[in-house]
Amino acid sequence: NRKPAIAEKLRSQRTAKWGNGTVHCCSYYCHGGFCFWTDWDNENDYSDWQGRESLQRNGTIGMLLDLNEGTLSVFKNGRLLGKMKGGLD
């Protein structure tokens, strides 16, 4: 656990609306386009997802969290790359 104080502060804000999901944080790694995620307790992992592209120079990365579908999608320069992470509830 690299940032225990931050993780604990964010976990302290948990409400019933968060559901029972185990993914508490997702990040996009610009150099390789991978998805890194954690549950802030014991599990950290990364995934190679369909549509993955890196952003090695100038550009814009956008992320769309769809709480109804439980997905996190990534856009690169306004173009949808794909769903980076699913099963978010």
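Only a predicted model underlies this, so the values are computations on that prediction, with no experimental measurement involved. Positions are given from 1 along the sequence.
- Here the OG1 atom belonging to Thr71 is positioned 7.5 Å from the CG atom belonging to Leu65, to the nearest 0.5 angstrom.
- For the atom pair CD (Glu53) and CG (Leu81), the distance works out to 5.0 Å, reported to the nearest 0.5 Å.
- Here Tyr29 and Phe36 bring their ring centres to under 6.0 angstrom of each other.
- In this structure, the side chain to side chain donor-acceptor pair (under 3.5 Å) partners of Ser54, at least two apart in sequence or on a different chain, are Gln56.
- Here the CG-CG distance, from Leu55 to Asn77, works out to 6.5 Å after rounding to the nearest 0.5 Å.
- Closest of all the heavy-atom pairs between Tyr28 and Met63 is CB-CE, 3.7 Å.
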Applying side-chain contact (heavy atoms from CB on, under 4.5 Å), run through Leu64 and Leu72 and close with a yes or a no. CA-CA 6 Å; Leu64 174 65; Leu72 180 63; 6.0 Å; no

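- The minimum heavy-atom distance linking Ile61 with Val74 is given by the pair CG2-CG1, 4.0 Å.
- More than 12 heavy atoms of other residues, nucleotides or ligands lie within 6.0 Å of CZ in Phe75, so this atom counts as buried by the packing criterion.
- Partner Met84 forms a side-chain contact (heavy atoms from CB on, under 4.5 Å) with one of Cys35, Ser47, Ser73 and no other, that one being Cys35.
- Counting heavy-atom neighbours within 6.0 Å of Lys83 NZ, excluding the residue itself, gives a total of 12 or less.
- A cation-pi geometry, defined here as NZ or CZ lying under 6.0 Å from the six-membered ring centre and within 45° of its normal, holds between Lys85 and Trp37.
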